[in-house]
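This report concerns only the one structure given below.
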Amino acid sequence: MHLPRRCQAGSQFLCGPLTLRGCHWCLLARPGPAERGWPGGWIMSLVAEAFVTQIAAAEPWPENAALYQQLKEEQILLSDNASSLAVQAFLQMCNLPVQVVCRANAEYMSPSGKVPFIRVGNQVVSELGPIVQFVKAKGHSLSDGLDEVQKAEMKAYMELVNNMLLTAELYLQWCDDTTVEEITHPRYGSPYPWPLNRILAYQKQWEVKRKMKAIGWAGKSLEQVLEDVDQCCQALSQRLGTQSYFFNKQPTELDALVFGHLFTILTTQLTSDELSEKVKNYSNLVAFCRRIEQHYFEDHDKDSSASAASRSSKGYLPS
């Protein structure tokens, strides 16, 4: 008799019988032949990946597609909330329905260890970049109308956002002592009992600080980080200008990424308003966030996650 087992990939579900088959979470988490030392394993992995991509492209987008993130009200942090909202905005722009599912262990369910991730049929994909490619394989793309120069420029600005805004969010969450004690540690460990809540929070803090040291941010002061945010916003503001979107009259994945981070910064209550004030200095960026919120969230669903996020923190965007 085969008994169910706990999913190897961190899912809240139980896997099937202990046979060669398991749930899709475990199949994704299980090391490939190359990782187990089988000769030619990397070739098999490439063939399998190409086969899965071909199958994914052939299947239509389902109505029950789900996006997973941490618990919104009591757990999710600024950076993860921003990343999740960016993916939600991207899918809204592609007119692809997705249900937001909040799980305390979403970070551990993700194949990359990062949120958000989406489950589409038997496919599980995490983070904006891979999700954009996955959606493109299904025939939906926001940037096909751009020429090669514009695509290169778009990717450069996306790297700027990830290298500056996302890193600044992580720094503020895990390296600013006041934010760590008043917000980060209590929220991050909130679903778990003591002492596990503290252990997990300190473990995550150590990982982020190690990353900050590797990229040269460990020695920065909060003032220097805020200055980096201001420079990033200035570059984005100049590129946007008086346009509705960064390229032409239609949004791209860059618009979704920028919206996710700026909207979350503007609507998240922190220990001070220094971070949000940097964004508010650029009126066209604030108007840009309001435009996307109204067009892709409020017009589609009055109770959308973006609108709910603004109501549950600071209220709507400043006029």
Side-chain angles (χ1 to χ4, degrees), residues 65-103 106-107 110 112 114-119 125-132 134-135 142 157-158 160-162 164-170 172-173 183 187 229 232-233 236 245-246 251-270 275-276 279-280 285-318:
L67 179 147
Y68 288 79
Q69 64 175 41
Q70 299 99 325
L71 304 179
K72 173 168 285 294
E73 298 300 328
E74 63 268 27
Q75 182 190 21
I76 197 167
L77 299 177
L78 173 67
S79 59
D80 289 334
N81 199 21
S83 297
S84 179
L85 187 56
V87 172
Q88 292 175 56
F90 170 73
L91 295 176
Q92 289 279 20
M93 291 170 180
C94 293
N95 200 28
L96 297 174
V98 67
Q99 177 187 3
V100 178
V101 179
C102 297
R103 292 283 184 270
E107 183 178 352
S110 170
S112 69
K114 297 181 180 180
V115 293
F117 68 92
I118 60 172
R119 178 175 56 81
V125 190
S126 62
E127 303 179 73
L128 178 62
I131 289 172
V132 168
F134 177 78
V135 169
L142 298 178
Y157 276 98
M158 293 182 73
L160 175 67
V161 172
N162 287 324
M164 290 296 183
L165 290 185
L166 177 57
T167 307
E169 291 162 2
L170 290 170
L172 189 65
Q173 289 170 184
I183 296 178
R187 287 185 64 86
V229 171
C232 179
C233 290
L236 292 172
Y245 304 105
F246 284 95
T252 64
E253 47 264 40
L254 171 62
D255 297 276
L257 179 65
V258 173
F259 169 75
H261 285 278
L262 295 187
F263 184 94
T264 305
I265 289 173
L266 287 167
T267 59
T268 300
Q269 185 68 54
L270 299 174
L275 183 61
S276 61
V279 180
K280 291 178 185 178
L285 293 182
V286 175
F288 166 82
C289 290
R290 188 185 304 112
R291 184 181 309 115
I292 291 183
E293 179 195 20
Q294 293 172 346
H295 190 266
Y296 290 102
F297 289 92
E298 290 182 355
D299 289 352
H300 283 75
D301 185 353
K302 293 298 183 182
D303 294 324
S304 69
S305 57
S307 297
S310 64
R311 289 196 297 270
S312 64
S313 50
K314 287 186 179 180
Y316 293 99
L317 291 176

Can you tell if the side chain of C94 reaches within under 4.5 Å of the side chain of V135, non-hydrogen atoms only? yes
Is L166 close to S79 at the side-chain level, that is, under 4.5 Å between some pair of heavy atoms? yes
Quick check: do F259 and L85 have side-chain heavy atoms less than 4.5 Å from each other? yes
L67/V101 under side chain to side chain contact (heavy atoms under 4.5 Å, CB included): CA gap, chis, key distance, verdict: CA-CA 6 Å; L67 179 147; V101 179; over 6 Å; no
How long is the gap from CD on Q173 to CG on L77, to the nearest 0.5 Å? 4.5 Å
So E169 and I265, do their side chains get closer than 4.5 Å, heavy atoms only? yes
Taking E298 for its side chain and Q294 for its backbone only, find out whether a donor-acceptor pair lies under 3.5 Å. no
Aromatic rings F288 and F246: how do their planes relate, parallel, tilted or perpendicular, breaks at 30° and 60°? perpendicular
Ring pair (Phe, Tyr, Trp, His ring centres under 6.0 Å) against F90, all qualifying residues, sequence neighbours excluded: none
Could you tell me the separation between the CD atom of E107 and the CD1 atom of I76, rounded to the nearest 0.5 Å? 10.5 Å
M158 versus V161: any side-chain heavy-atom pair under 4.5 Å? no
Residues forming a side-chain hydrogen bond (donor to acceptor under 3.5 Å, both in side chains) with S126, sequence neighbours excluded: S112
In short, C232 meets L160 closest at the heavy-atom pair SG-CG, 3.9 Å
Would you say that M93 contacts Y296 through its side chain, given a criterion of any heavy-atom pair below 4.5 Å between the two side chains? yes
Residues passing the ring pair (Phe, Tyr, Trp, His ring centres under 6.0 Å) test with Y245, sequence neighbours excluded, are none
Measure from the side-chain N and O atoms of R290 to the backbone N and O of L285, and report whether any donor-acceptor pair falls under 3.5 Å. no
Enter the distance from L142:CG to L254:CG here, rounded to the nearest 0.5 Å. 11.0 Å
Heavy-atom side-chain contact between L262 and T264 under 4.5 Å: no
Give the minimum heavy-atom separation between V115 and S83, together with the two atoms involved. O-CB, 3.9 Å
What are the two closest non-hydrogen atoms of S276 and L266, and how far apart are they? O-CD2, 4.0 Å
Would you compute the distance between atom CD1 of I183 and atom CD of Q269 and round it to the nearest 0.5 angstrom? 7.5 Å
Walk me through whether S84 and N81 qualify under side chain to side chain donor-acceptor pair (under 3.5 Å). CA-CA 5 Å; S84 179; N81 199 21; 5.4 Å; no
Give the intermediate values and the outcome of side chain to side chain contact (heavy atoms under 4.5 Å, CB included) for residues D80 and Q69. CA-CA 8 Å; D80 289 334; Q69 64 175 41; over 6 Å; no
Smallest heavy-atom separation, L71 atom then E74 atom, equals CD1-OE2, 3.3 Å
